[in-house]
Amino acid sequence: QVQLVESGGGLVQVGESLRLSCVASGRNTYSANALGWHRQAPGKQRELVAAISSGGPTYYSDSVKGRFTISRDSSKNTVYLQMSSLKPEDTAVYYCAADPLYDAVIGGIARYWGQGTQVTVSS
């Protein structure tokens, strides 16, 4: 099993930045080859924000491309989401996801999920 714990959410103003972190722990962290961030706003479906594979390739949704950066520190079993130029529409609960397969993270069917961290962007 893999446990994912997110942190770094909060309330910010439009245009400000936040960095989310997600730490993976447990007996099978080696299976967390692919990592990613999804988000769910009130009344909306959960959507992919960004993903990163063990080899480094990344994926970003069009809505965050150029503003968000995903990265990982394998030595710390941690994935980050640096969010800049935040907009009110970025307000959501952000979930960390992990899976052996990159496509599973991108497809929203990852095996492991965190409990979520709230990001609120106020105008």
Side-chain angles (χ1 to χ4, degrees):
Q1 292 297 320
V2 175
Q3 292 78 44
L4 303 174
V5 178
E6 304 101 332
S7 62
L11 172 64
V12 297
Q13 300 294 315
V14 169
E16 293 185 339
S17 299
L18 271 178
R19 188 177 81 157
L20 305 183
S21 301
C22 172
V23 180
S25 63
R27 298 175 61 183
N28 298 329
T29 55
Y30 62 86
S31 66
N33 292 328
L35 297 163
W37 292 92
H38 292 250
R39 68 186 180 186
Q40 186 167 22
K44 296 187 177 182
Q45 289 189 332
R46 188 175 63 193
E47 63 173 355
L48 172 68
V49 176
I52 185 167
S53 72
S54 58
T58 57
Y59 173 90
Y60 296 96
S61 69
D62 288 342
S63 61
V64 307
K65 201 171 295 182
R67 299 188 298 121
F68 291 11
T69 302
I70 189 170
S71 61
R72 65 191 294 166
D73 184 338
S74 296
S75 68
K76 298 180 180 179
N77 292 324
T78 301
V79 61
Y80 305 98
L81 185 69
Q82 178 66 49
M83 306 185 293
S84 303
S85 302
L86 283 162
K87 305 175 181 180
E89 50 263 43
D90 295 318
T91 296
V93 178
Y94 284 70
Y95 297 92
C96 178
D99 195 274
L101 301 177
Y102 188 49
D103 287 347
V105 172
I106 290 179
I109 56 172
R111 186 174 305 180
Y112 306 109
W113 293 87
Q115 81 289 348
T117 185
Q118 177 70 47
V119 172
T120 303
V121 184
S122 173
S123 56

OG-CG distance between S123 and L86, expressed to the nearest 0.5 angstrom = 13.0 Å
side-chain hydrogen bond (donor to acceptor under 3.5 Å, both in side chains) partner of Y94, the single match among R39, E6, Q40, Q118 | R39
In Å, rounded to the nearest 0.5 Å, how long is the span from CG of D99 to CD1 of I106?
-> 11.0 Å
Test side chain to side chain donor-acceptor pair (under 3.5 Å) applied to S84 - qualifying residues, sequence neighbours left out = none
Taking atom CD of Q45 as the centre, report whether more than 12 heavy atoms of other residues, nucleotides or ligands fall under 6.0 Å from it.
-> no
Do the side chains of C96 and W113 get nearer than 4.5 Å, heavy atoms only?
-> no
Without swapping roles, check the side chain of H38 against the backbone of V93 for a donor-acceptor pair under 3.5 Å.
-> no
Distance col, row Q3:CD vs N28:CG, nearest 0.5 angstrom, shows 9.0 Å
Please check if the side chain of Y60 supplies one atom and the backbone of I70 the other of a donor-acceptor pair under 3.5 Å.
-> yes
According to a 4.5 Å side-chain heavy-atom criterion applied to Ile, Leu, Val, Met, Phe, Trp and Tyr, with indirect links allowed, do V105 and V49 form part of one hydrophobic cluster?
-> no
Test S25 against V5 for side-chain contact (heavy atoms from CB on, under 4.5 Å), laying out the working first.
-> CA-CA 8 Å; S25 63; V5 178; 5.7 Å; no
Any side-chain heavy atom of L101 within less than 4.5 Å of one from N33?
-> no
May I ask whether L11 and V119 are part of the same hydrophobic cluster, defined by side-chain heavy atoms of I, L, V, M, F, W, Y residues being less than 4.5 angstrom apart, directly or through others?
-> no
Correct closest heavy-atom pair for A50 and L48 would be O-CD1, 3.6 Å
Backbone N or O of S53 within a donor-acceptor pair of the R72 side chain at under 3.5 Å?
-> yes
Apply the test side-chain contact (heavy atoms from CB on, under 4.5 Å) to residues Y95 and L4: give CA-CA distance (whole Å), side-chain angles for both, the deciding distance (0.1 Å), then the verdict.
-> CA-CA 9 Å; Y95 297 92; L4 303 174; over 6 Å; no
side-chain contact (heavy atoms from CB on, under 4.5 Å) assessment of M83 paired with V12 | CA-CA 11 Å; M83 306 185 293; V12 297; over 6 Å; no
Candidate pair L35 and C22, rule side-chain contact (heavy atoms from CB on, under 4.5 Å), full reasoning = CA-CA 9 Å; L35 297 163; C22 172; 6.0 Å; no
Would you name the heavy atoms of S71 and I52 that are closest together and state the gap between them?
-> CA-CD1, 4.0 Å
Interatomic distance, T117 atom OG1 to L18 atom CG [nearest 0.5 angstrom] = 8.5 Å
Does a side-chain N-to-carboxylate-O contact under 4.0 Å join K65 and D62?
-> yes
Honestly curious: do Y112 and Y102 fall in one hydrophobic cluster under the side-chain, below-4.5 Å linking rule?
-> no
Taking all non-hydrogen atoms of both residues, which atom of A41 and which atom of A92 are closest, and how far apart?
-> N-CB, 3.8 Å
Group every Ile, Leu, Val, Met, Phe, Trp and Tyr by side-chain heavy-atom contacts under 4.5 Å, then state whether F68 and L20 land in the same group.
-> yes
